[in-house]
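Okay, so here's the structure we're looking at.
None of the values given here were measured: they were computed from a predicted structure.
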Amino acid sequence: MKLKSFYIGILALLYSASVAHTQGMADYQMKLDSTDMLLGGQQYLYISCKDSLITREIDNLLDTLSWLSILEKENWKSDRQNFSKKILFSVFDSGVFKIPLQISSEDGPGTSLFLRVYYPLDSLSELRLIKPIEETSAGSRMATIILMSLLILLLILFVLWQFFKADKAHVLKLEHTSVPKPWEIAWNELDALDREQLWQKAEIKLFYDRLSNIVRKFLSDGLFIPAIEHTTSDIYLALNEKLTDREENDQVIRLLTTSDLVKFANKFPAVESHEEWLKTAKAFVKNHREQSEQLSVEHRKHFLAILGEKLANQFEDPMEIVPDVLAELYESEKKLEELNLFTGIFTTNKYQLPANWIAMHHRHTGRFYKWQNNLFSSETNRLIRILMFLISMPVIAIFTPVLYVVSLWNKESMTARGIFAVGKNDKIVLRKIPVG
């Protein structure tokens, strides 16, 4: 009986171990939506088990799978001692991957899942026959070439026209400038002195210094009586020689004498005298404005008087009145230079004029005159000058639009031809009245 009971116990123990092992194998399981998937695709891994300890082991194991990119992971769900969850994952490597469930429990290891990940099929990766080269109709450039050629031709014709008309004075455009007359300058300066109220501010010396200078300048520029650098006694003698109103002359001399005493002897007149002397100066200028204009006309010099017969005969009208600005420039420097004026593309006329006049002429010229002057004013052979012209024309024409824009920006005129032109019989005429 005892032996029989022993065998029965052994058999019961082996059976319970076998059942326990079989039960441990069935305590967890997993499955995939598919064992094949595309690279970068997504699917779910389903896991279920009966032991909460195993759930922790499974979570730890899944964290060690570096190739497994978990996108969504649910918490474990419990239902009557059953635990389950699903995991949304993706894989970004190709190949065969194993999901082992090697759980460190007394029940031993579980089974593994294998997953194959592959690239999507690419239809372009298939070998294809090489297609023959097909000729396509290219856009015609002929229209562009014709348009550019016409544009360059028009620019060349424009440059030729500027060179051809040159300095011939067919139509003169006189630019008259309004230059203030001596009496107007004196009157305006006296008004400005009155508005400054210098003597009211105790600046009496400055007041009389300014008043004296205004009167002296009017006598010199307006009445042609030397007074700028002359003494009061000299002015008195010259004043009586040219002006017949002795009482008025005496008033002007007393004004200048009073100014000298204030400036040099610190002798100040009564307060009420300051305004009276200002009124005296204004009255003197007002009374002699017509005489001043007449004298200005009489004293203006013509080309013959300024330049002499030889140089004046270069002008169409040697007796023409010389503009004041040219007369003043000639007085400052009488050096002569050569001026080139053109009556055609290659025809150059040379004249001898004061250097200051030629410099002013060049200041009033544009690019076309400067180009023509540089190309054709030299003493080189005529054939060489023509060749230089033909070579330079396309270059000048191409750059004309750019230089035109630059001239507009600098407020210059590309076509300006200066202040002198060629009139009848190749004589010089004034194209415009120079300003400065």
Side-chain angles (χ1 to χ4, degrees), residues 162-177 179 220-221 224 226 228-229 295-382 384-385 388-389 412-436:
Q162 292 297 325
F163 283 1
F164 178 75
K165 70 176 186 178
D167 298 306
K168 289 181 292 187
H170 298 300
V171 179
L172 295 183
K173 180 183 178 182
L174 298 179
E175 297 183 2
H176 297 281
T177 57
V179 179
S220 179
D221 297 343
F224 296 91
I228 298 295
E229 296 180 357
L295 289 172
S296 296
V297 173
E298 292 176 359
H299 282 76
R300 290 183 65 182
K301 296 181 179 179
H302 44 68
F303 287 108
L304 182 60
I306 292 180
L307 298 177
E309 184 177 358
K310 181 180 180 180
L311 296 180
N313 284 336
Q314 298 177 110
F315 289 84
E316 191 172 287
D317 182 10
M319 299 303 294
E320 181 181 0
I321 297 299
V322 178
D324 291 338
V325 62
L326 293 182
E328 291 173 3
L329 286 174
Y330 183 72
E331 291 298 328
S332 64
E333 183 181 354
K334 299 182 180 181
K335 177 183 176 183
L336 298 179
E337 288 186 0
E338 188 174 76
L339 172 66
N340 296 312
L341 296 178
F342 301 90
T343 55
I345 297 180
F346 305 109
T347 308
T348 307
N349 294 51
K350 299 182 182 295
Y351 304 94
Q352 289 290 322
L353 290 178
N356 286 338
W357 293 12
I358 296 176
M360 176 174 286
H361 175 80
H362 288 308
R363 285 200 299 272
H364 288 80
T365 58
R367 295 282 177 180
F368 287 112
Y369 173 85
K370 291 179 173 64
W371 285 332
Q372 192 170 9
N373 190 48
N374 292 334
L375 284 172
F376 308 125
S377 62
S378 62
E379 298 295 337
T380 55
N381 184 275
R382 182 180 177 85
I384 294 177
R385 285 187 284 170
M388 291 173 57
F389 170 75
E412 299 173 346
S413 173
M414 283 189 65
T415 59
R417 303 297 299 195
I419 63 175
F420 297 113
V422 181
K424 297 177 182 179
N425 302 320
D426 294 336
K427 297 289 187 176
I428 305 174
V429 295
L430 278 175
R431 184 186 298 273
K432 63 180 181 179
I433 303 299
V435 178

Handout entry: side-chain contact (heavy atoms from CB on, under 4.5 Å) assessment of Ile358 paired with Tyr351
Key = CA-CA 10 Å; Ile358 296 176; Tyr351 304 94; over 6 Å; no
Practice task
Please report the closest heavy-atom contact between Leu304 and Ala312, naming both atoms and the distance.
Solution key: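 In terms of heavy atoms, the two residues are closest at CA-CB, 3.5 Å.
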Handout entry: Heavy-atom closest pair, residues Ala421 and Arg431
Key =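 Where Ala421 meets Arg431 most closely, the heavy atoms are CB-NH2, 3.4 Å.
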Any donor-acceptor pair under 3.5 Å from [X] side chain to [Y] backbone:
X	Y	answer
Gln314	Leu311	yes
Lys427	Asn313	yes
His364	Ile419	no

Could you measure the distance from the [atom1] atom of [X] to the [atom2] atom of [Y]? Nearest 0.5 Å is fine.
X	Y	atom1	atom2	result
His302	Leu307	NE2	CG	11.0 Å
Phe303	Leu430	CZ	CG	4.5 Å
Leu336	Leu353	CG	CG	8.0 Å
Glu337	His361	CD	NE2	12.5 Å
Asn356	Lys335	CG	NZ	9.5 Å

Practice task
For Ile306, enumerate each residue passing the side-chain contact (heavy atoms from CB on, under 4.5 Å) test, keeping only those at least two apart in sequence or located in another chain.
Solution key: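 With sequence neighbours excluded, Ile306 shows a side-chain contact (heavy atoms from CB on, under 4.5 Å) to Lys301, Val322, Ala327, Tyr330, given in chain and number order.
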Exercise for the section: Under the side-chain contact (heavy atoms from CB on, under 4.5 Å) rule, what do Val429 and Glu320 come out as? Steps first, then yes or no, please. Expected result: CA-CA 9 Å; Val429 295; Glu320 181 181 0; 5.9 Å; no
Exercise for the section: Could you label the plane-to-plane angle of the Phe420 and Phe315 rings as parallel, tilted or perpendicular, counting under 30° as parallel and over 60° as perpendicular? Expected result: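 It falls in the perpendicular class, over 60°.
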Handout entry: Within 6.0 angstrom of Glu309 CD, more than 12 heavy atoms from elsewhere
Key =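 No, CD of Glu309 has 12 or fewer neighbouring heavy atoms, counting only those of other groups under 6.0 Å.
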